2 protein chains.
Amino acid sequence: MSVTTTATRRPVPVIPARGALRPLGLDEVELTGGFWAERQRRNAEVSIPHCDHWESRVGWIDNFRHALAGTVEQRTGREFADSDVYKLLEAMAWESGRTSDPRLDARIEEIALLVEAVQDDDGYVSTKYGRPGQEPRYTDLAWGHELYCFGHLIQAAVARLRTGHDDTLVRVARRAADHVCVEFGPSGRDDVCGHPEIEVALVELARTTGEERYLEQARLFLERRGRGSLPDIEFGRAYYQDDVPVRDAEVLRGHAVRALYLTAAAVDVAVDTGDDELLQTVRDQFARTLARRTYLTGGMGSHHQDEAYGDDFELPSDRAYSETCAGIGSVMVAWRLLLATGDTRWADVVERTMYNVVATSPSRAGDAFFYTNPLHKREPGEEADPDEASPRALSRLRAPWFEVSCCPTNVARTLASFAAYVATVSDDGVQIHQHVPSRIATTLGDGREVELEVETSYPDDGDVVVRVVAAPAGEVSISLRVPEWSVGRASLDGEPVDGPVATTRRRFAAGDEVRLRLDVQPRLTVADDRVDAVRGCAAVERGPLVLCVESTDLPAGVGVDRVRIAAGAVPHDLEDGVHVSGELVEREEGPWPYRSRPATAPGATLDVRLVPYHDWANRGPSTMRVWIPQERP
Amino acid sequence: MSVTTTATRRPVPVIPARGALRPLGLDEVELTGGFWAERQRRNAEVSIPHCDHWESRVGWIDNFRHALAGTVEQRTGREFADSDVYKLLEAMAWESGRTSDPRLDARIEEIALLVEAVQDDDGYVSTKYGRPGQEPRYTDLAWGHELYCFGHLIQAAVARLRTGHDDTLVRVARRAADHVCVEFGPSGRDDVCGHPEIEVALVELARTTGEERYLEQARLFLERRGRGSLPDIEFGRAYYQDDVPVRDAEVLRGHAVRALYLTAAAVDVAVDTGDDELLQTVRDQFARTLARRTYLTGGMGSHHQDEAYGDDFELPSDRAYSETCAGIGSVMVAWRLLLATGDTRWADVVERTMYNVVATSPSRAGDAFFYTNPLHKREPGEEADPDEASPRALSRLRAPWFEVSCCPTNVARTLASFAAYVATVSDDGVQIHQHVPSRIATTLGDGREVELEVETSYPDDGDVVVRVVAAPAGEVSISLRVPEWSVGRASLDGEPVDGPVATTRRRFAAGDEVRLRLDVQPRLTVADDRVDAVRGCAAVERGPLVLCVESTDLPAGVGVDRVRIAAGAVPHDLEDGVHVSGELVEREEGPWPYRSRPATAPGATLDVRLVPYHDWANRGPSTMRVWIPQERP
């Protein structure tokens, strides 16, 4: 760890006190086109207004008015509804930082004033607890989500501060943070919240304000966890990671979003307090989670019941929960590990999860979302009611809103700030982690300025050109990540690249180019044999994209349950996407599904068209599978 | 349907008004040894007292005392805790009918007097609703379970009446039933209970008392269901089968126990009202459920989240819920269909489910139970706390009691009355459905008396001898079921049998024997290829038993995830059980579980010992699997 970050109010979501790499801000990286710029545009134009509309419509913003007016019996939504308002504010704040749209600033201020009006003198703020007719504060730490809500309030304020606004929202959040430090400080309540989130928020607030006590409070929460202070419940205390101290755990477990937010905070605390042992522990936990408890898409969480990790290799495709927010949590952890260690493997995780979980959630139009992201759909879903909030995990198409609606605003804040996850700098080099058309204008750790342009059609093709717009004096490194699926099959300026990073180190002049060529041709992937759910199946991937077969592309009336990949078949690109040779299975139906020999026979050959998983269910109800049974050779 | 039953107060759990076959009572069939007699003995000696002990200990019996004393704030257990007291009474009632143990009669009366004291003047009785300090009656039909509780009260009373006791319990239950008929009758509330159960109970009460209005009330509840009178919930109204009218549904869906209890009632109502169309509909629904939504064990229910059926062929082994009570519900439905239609296929279902679900629940000692019955255990469970009620679905060994403890008493009432499920009679014959050492003394439909003895070591071996103890004049049929796995491989008195029933029709004299020989040798079974969860795997069955491999029988430190069945291997009997040739897989561990080619290689050969699934987890924590990956030839 060599880089020390001092600028803490730049438009960057995560600014560790030290680390191998320095993150760049929205003022340093601009997405200029392609997959993510398109999604960022749609996020700004459709999704953020959509979330504002729905939060108004279902009353979660009005909850603050009810708190003020004393009409708390009219409060709507779950106990954590305030947090969704705060996540919307955070999304707006990053979007305002990216585009300087004054309408966003006005809306943020309007809502922040409401929140401020509700805030108690001591900094506590909630529409759910503490007023006449409500339960008192902190009567239900396990499920009340008060600190979780504060965490999102603080993250919104951090976004605001870092995009140049020391405004009402910041004032409110700082008072809330101060309240937390008093109430739960070293001489306060010896408790934690049922849902981690306050921890990552407090660390970032410390980084932004320079107030060490916020970091100390985050550390305290982290160390308190795992000592059984929360009640035992049907799912066990592992549900909220209160079963084992963070330092003693071996793998992520329990509720996936909780586990990932906590893990992100553990990285932050380890980095900012110089606790390398904790950093190593958490890195090992996350590595083991990736090796044993993660879907091909990067998704995490195998259980619907408790939105939780399953046992090692318990990764059912059809009942995959793979919550969108857990994908975002995994990106948060991986990004922090990348900054801390410089290991590009973590950028692979960011890429896989962004393309295959986060990008899957919003519809093409940006006005409906997946909450869960299963890899297999056995029955066509029904269209969600466009006028009603949907249950979060009901088997159906993307829905405009959910009764628990954490995912849409979580996607919105992530897309709005995504430019910050594209590249980093070190003392004397730039590292490009995500191959996105972009302009990068930044300052190296040694103070030299550099300006680059990245041109690529990635992931459609594998060519990535970095053009130097302005070069500093002396040698500079330009590094490009080689994703793990292209390692050994990549070239840099025509020369084979060995390993996960393609680096050119030399003097550059304006107009110089570096050209990385990755092998994005489609490939078959099989799973560890302990993933029982997909034994005998293969998936098709192309570059960073997981593909799937959707019944929409099959002959009329045929579901994906009849598709096989032919023995020895190799997927290939055609004009309209990736195809692979397959066949349609014929089978006898019987009264009992178990017998002495298989009841199937190969049927007609079939040209199987595959589509990106992130784009599935955009053409009406369908059946779908990522993992496709493969005929034996 | 030819047999009309008139004797309605004989010790028989289910006495349809008509049907192809007449059920026999505990006074006609006695289990004399073997698998089920042993379990019946253990049930009487250990399990029933154990349930009484725990219901006393956790306060569910005391709830009635609190209702009386006005100390309702001390009530314990879930809203349906009364039902477990009633199911205990039903178990005691059948056990008393079987053994005439006066201590059981005294205990039944003691508890019944308590219940009677709590009963309101109009027949309503509940420890949960309607008293000062409690919610009013029927304020929460979706979740309150009041009618569900009445159903179990009535079933206990039916058991009591049919075993010769027209006592306090019967008086209480009849008053409750009368209350239900007023409150929910044609001119009463147009509602149903969130949990079906009252329906089966009312039909049986009608059959026992001759009061048609109870049958009519059951029919009303059945017809009202599926019209959306219950609230929409996160799982959808399918959860409590209020999505589609019974007559319009195609398959069982939603909460499995609810669906099965409702289906049993639908058969009852169809039979007793002569509604053959309804009978056919329900039969088709159940057949489709068996063909597509049933585990190899006969277990039903794929989801932990809502204890519900999944989609067709969604049958994960590791997350199988397969609730013990759903197994019992399936036996209830299959038995009713057998009586109605005479089709022995339904007796196959009874056998499979009894041996592999119901028998699996109790520990060898009879003092601990499985609530869920997964077919794969990835991590060794922990021992349950012997002094605490366990969460119902936590991943652990059998537990002495559960916070929701429907299963132990459900097993107890089923085992106590199991003799009634062994055989039936028609006008001129006896049908032996379950091959159990037993004595059968009964009267044929045409009035002739017959007495038989069944001797067998089944399922250890496949020989079943029926000895005529007393023969009537004229020809008589003796029929023995040939289970589907032995069809085409069975013989009767040395002659091959074709089809699912082996029938001898002739004049018999005392001492004559009929000898059925079934092929119980172990066999490999594969699943329909749409059951993704077990693709590439085989299970070993032996006779009616599903077997499994348990890590207890593997080399130290080896889990079941390394076991393969060798290509072409055939399981075979040895002294200590069934064995099959296998191998221990070697594999590379990697940072990511998905790659371009498999990471496993065949390792050492291994002689795999299999144990009956019903006996797993009786030797301490272990990993286990029913479905074992099979090497390709």
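Within every chain, numbering begins at 1; the chains are lettered A, B, ... in the order of the sequence lines, protein sequences first and strands thereafter. All of these numbers come straight from a predicted model, not from anything done at the bench. When reading the values below, keep in mind they use all heavy atoms of this one structure, side chains included, and skip hydrogens, waters and symmetry mates.
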Using a cut-off of under 4.5 Å on heavy-atom pairs, state which of [options] scores highest against chain A.
| options | result |
| --- | --- |
| B/E588, B/E541, B/H376, B/R288 | B/H376 |
| B/V585, B/L296, B/T525 | B/L296 |
| B/G536, B/P316, B/A287, B/A527 | B/A527 |

Interchain contact, B/D532 with chain A, by part (heavy-atom threshold 4.5 Å): both
Nearest non-hydrogen partners of [X] and [Y], listed with the distance:
| X | Y | answer |
| --- | --- | --- |
| A/A291 | B/G590 | CB-O, 3.4 Å |
| B/C537 | A/R535 | SG-NH1, 3.4 Å |
| B/T294 | A/P593 | O-CG, 4.3 Å |
| A/R378 | B/R530 | NH1-O, 3.3 Å |

Contacting moiety of A/R352, where chain B heavy atoms sit under 4.5 Å: side chain
Reported [atom1]-to-[atom2] distance for the pair [X] and [Y], which is rounded to 0.5 angstrom:
| X | Y | atom1 | atom2 | answer |
| --- | --- | --- | --- | --- |
| A/R319 | B/H303 | CZ | NE2 | 3.5 Å |
| B/L524 | A/R597 | CG | CZ | 11.0 Å |
| B/E589 | A/R292 | CD | CZ | 4.5 Å |
| A/D528 | B/W592 | CG | CH2 | 12.0 Å |
| B/R523 | A/S596 | CZ | OG | 9.5 Å |
| A/D529 | B/R564 | CG | CZ | 4.5 Å |

Heavy atoms from other residues, nucleotides or ligands near CD of B/E586 exceed 12 (cutoff 6.0 Å): yes
Side-chain (A/R345) to main-chain (B/P591) donor-acceptor, under 3.5 angstrom: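 Checked: pair present.
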When A/R562, A/R587, A/R595 are compared by non-hydrogen pairs under 4.5 Å with chain B, the top option: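 Option with the greatest count: A/R587.
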Student check: side-chain heavy atoms of A/R632 and B/R632 closer than 4.5 Å: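 A side-chain contact under 4.5 Å exists here.
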Ring centres under 6.0 angstrom apart (A/W627, B/Y594):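 Between B/Y594 and A/W627, which both carry aromatic rings, the centre distance is below 6.0 Å.
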